[in-house]
Number of protein chains: 2
Amino acid sequence: MPFPQTEIPGRLQAELAARGIRMTEQRRAILKVIETAKKHLAAGQILRKAQRLNAAVDRSTVYRTLELLKRHRMVDELDLMHMDGDGHYYERKLARDHIHMACLRCGKITEFMSEIFDSLKQQLERDCRFSIVVARLEVGGYCSECRH
Amino acid sequence: MPFPQTEIPGRLQAELAARGIRMTEQRRAILKVIETAKKHLAAGQILRKAQRLNAAVDRSTVYRTLELLKRHRMVDELDLMHMDGDGHYYERKLARDHIHMACLRCGKITEFMSEIFDSLKQQLERDCRFSIVVARLEVGGYCSECRH
DNA sequence: ATTCTAGTTGCGAATCAGTCGCAACTTCAG
DNA sequence: CTGAAGTTGCGACTGATTCGCAACTAGAAT
Ligand SMILES: [Mn+2]
Ligand SMILES: [Mn+2]
Ligand SMILES: [Zn+2]
Ligand SMILES: [Zn+2]
């Protein structure tokens, strides 16, 4: 079962710099939160964690920064089947896409990388002549411990 | 390029009846809208269309009915990469799942069925011992006419 | 180091989809 | 035809996200 690996810390900041984007204390805090996250975070969670690093960080800044990171393809936005309220989740975009499976009973999120998934994306590019920017496969169901 | 086919009209109503669920004028209107939809509809659009069939239909009733239909796996809820504001889209769930590709330039939604997609789901069930209830593959990018 | 400006921020108000409680109404089994 | 359970409309409410704007930097140019 291939799992996605974690990233080199400080990478996000470097990537933004490389693209000539201004660095601020607020952004540094938000980027750090996203990079060191152990799980998928909702905007509100990112805000609270970022404020622990820099109390000045404001809600709007979090949303604006997430927008920036999405635009630059540095984070992915996820639904995770709305495991909790509305609102989306965010995670650092890694080199290789992965699949998210959300257990409808215990809420656990399982991540999975698959060559079949990669081929599927190739098929879409080829057969549909569609140029993929972002591909999101989200599955709801029951994890190994919860299905009976 | 295999495309998803449309459904027999009146089918949704029959299916709900078969499950012993009460039929009301409001539900009839909403079901008809969903069944005859030519594209993926947001809740607000479903409301407006249903009100044309029965002026009494209320917003809450639309949401409650969508919830009912989701619970019974008779509609699928989609994101379509937030092509327009927040809010989700709904469509009649057909026998076989399909993939949605949203063009980030012209907004066109392309639907596609794939055996590779079917195998991928099988892989998840097998390799991750995950029991799939709903699987959503949504792709954002550029359609054949918009990519340059 | 100082200056300057475009880019960024905090704030508070606004938006807007979706939810909820409740009393009135309807469905449909008996 | 009746009654209980299920459904509805309404209006108030929530909670995530957005926005306008004046004050505030970052960092390029001097
Ligand atoms: Mn969503
Ligand atoms: Mn579809
Ligand atoms: Zn589980
Ligand atoms: Zn297009």
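Here is the naming used below: chain letters follow the sequence lines, and residue numbers restart at 1 for every chain.
Between the side chains of A:Thr65 and A:Gln26, no donor-acceptor pair of N or O atoms lies under 3.5 Å. Counted by atom type alone, B:His82 and B:His88 present zero donor-acceptor pairs between their side chains at under 3.5 Å.
Taking A:His40 as the reference, A:His100 meet the ring pair (Phe, Tyr, Trp, His ring centres under 6.0 Å) condition, with sequence neighbours excluded. Scored by the side chain to side chain contact (heavy atoms under 4.5 Å, CB included) test, B:Ala29 finds B:Ala50, B:Leu53, B:Asn54, B:Val57 as partners (sequence neighbours excluded). Considering only residues two or more places apart in sequence or on other chains, A:Glu25 meets the salt bridge (charged side-chain N to carboxylate O under 4.0 Å, His left out) condition with A:Arg28. Listed by chain and number, the residues in a salt bridge (charged side-chain N to carboxylate O under 4.0 Å, His left out) with A:Glu145 amount to none (sequence neighbours excluded). A:Ile21 is linked by a side chain to side chain contact (heavy atoms under 4.5 Å, CB included) to A:Leu16, A:Arg19, A:Arg27, A:Leu68, A:His72, counting only residues two or more places apart in sequence or in another chain. Residues forming a salt bridge (charged side-chain N to carboxylate O under 4.0 Å, His left out) with A:Asp58 (at least two apart in sequence, or on another chain): none. For A:Lys38, the side chain to side chain contact (heavy atoms under 4.5 Å, CB included) criterion is met by no residue, not counting sequence neighbours.
In this structure, A:Ala42 reaches neither bases nor backbone, as no heavy-atom distance under 4.0 Å exists between it and the strands shown.
Going from atom CZ of A:Arg27 over to atom P of D:dC24 covers 19 Å, rounded to whole Å.
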Assess the residue pair B:Ser114 and A:Leu120 against the criterion (side chain to side chain contact (heavy atoms under 4.5 Å, CB included)); give the C-alpha distance rounded to whole Å, side-chain angles, the decisive distance to 0.1 Å, and a yes or no. CA-CA 8 Å; B:Ser114 158; A:Leu120 176 53; 3.4 Å; yes

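Between the side chain of B:Glu77 and the backbone N or O of B:Lys70 there is no donor-acceptor pair closer than 3.5 Å.
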Every protein N/O lying under 3.5 Å from an N/O of nucleotides 11-16 of chain D:
none

Restricting to nitrogen or oxygen on both sides, can you table the protein-nucleotides 26-30 of chain D pairs closer than 3.5 Å?
| unit_1 | atom_1 | unit_2 | atom_2 | d |
| --- | --- | --- | --- | --- |
| D:dA26 | O3' | A:Met23 | O | 3.3 |
| D:dA26 | N3 | A:Arg22 | NH1 | 3.4 |
| D:dG27 | OP1 | A:Met23 | N | 3.2 |

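For residues 65-85 of chain A, proximity to DNA chain C is found at no residue, defined as any non-hydrogen atom under 4.0 angstrom from a strand atom.
Residues A:Leu69 and A:Leu31 meet the side-chain proximity criterion, which asks for heavy atoms closer than 4.5 Å. Two residues are said to be in side-chain contact when any heavy atoms from C-beta on lie closer than 4.5 Å; B:Ile99 and B:Glu111 fail this criterion. Side-chain contact between A:Val75 and A:Arg92 is absent, with no heavy-atom pair separated by less than 4.5 Å.
Helix-axis bend for the helix from C:dA1-D:dT30 to C:dG30-D:dC1: the local axis fitted to the five terminal pairs at one end deviates from that at the other end by 40°, rounded to 10°.
On the nucleic acid side, DNA chain C contacts chain B at distances under 4.0 Å to non-hydrogen atoms, with the end points of that region at C:dA17 to C:dC28.
Scanning both residues, A:Leu66 and A:Ala43, for their nearest heavy atoms gives CD1-CB, 4.1 Å.
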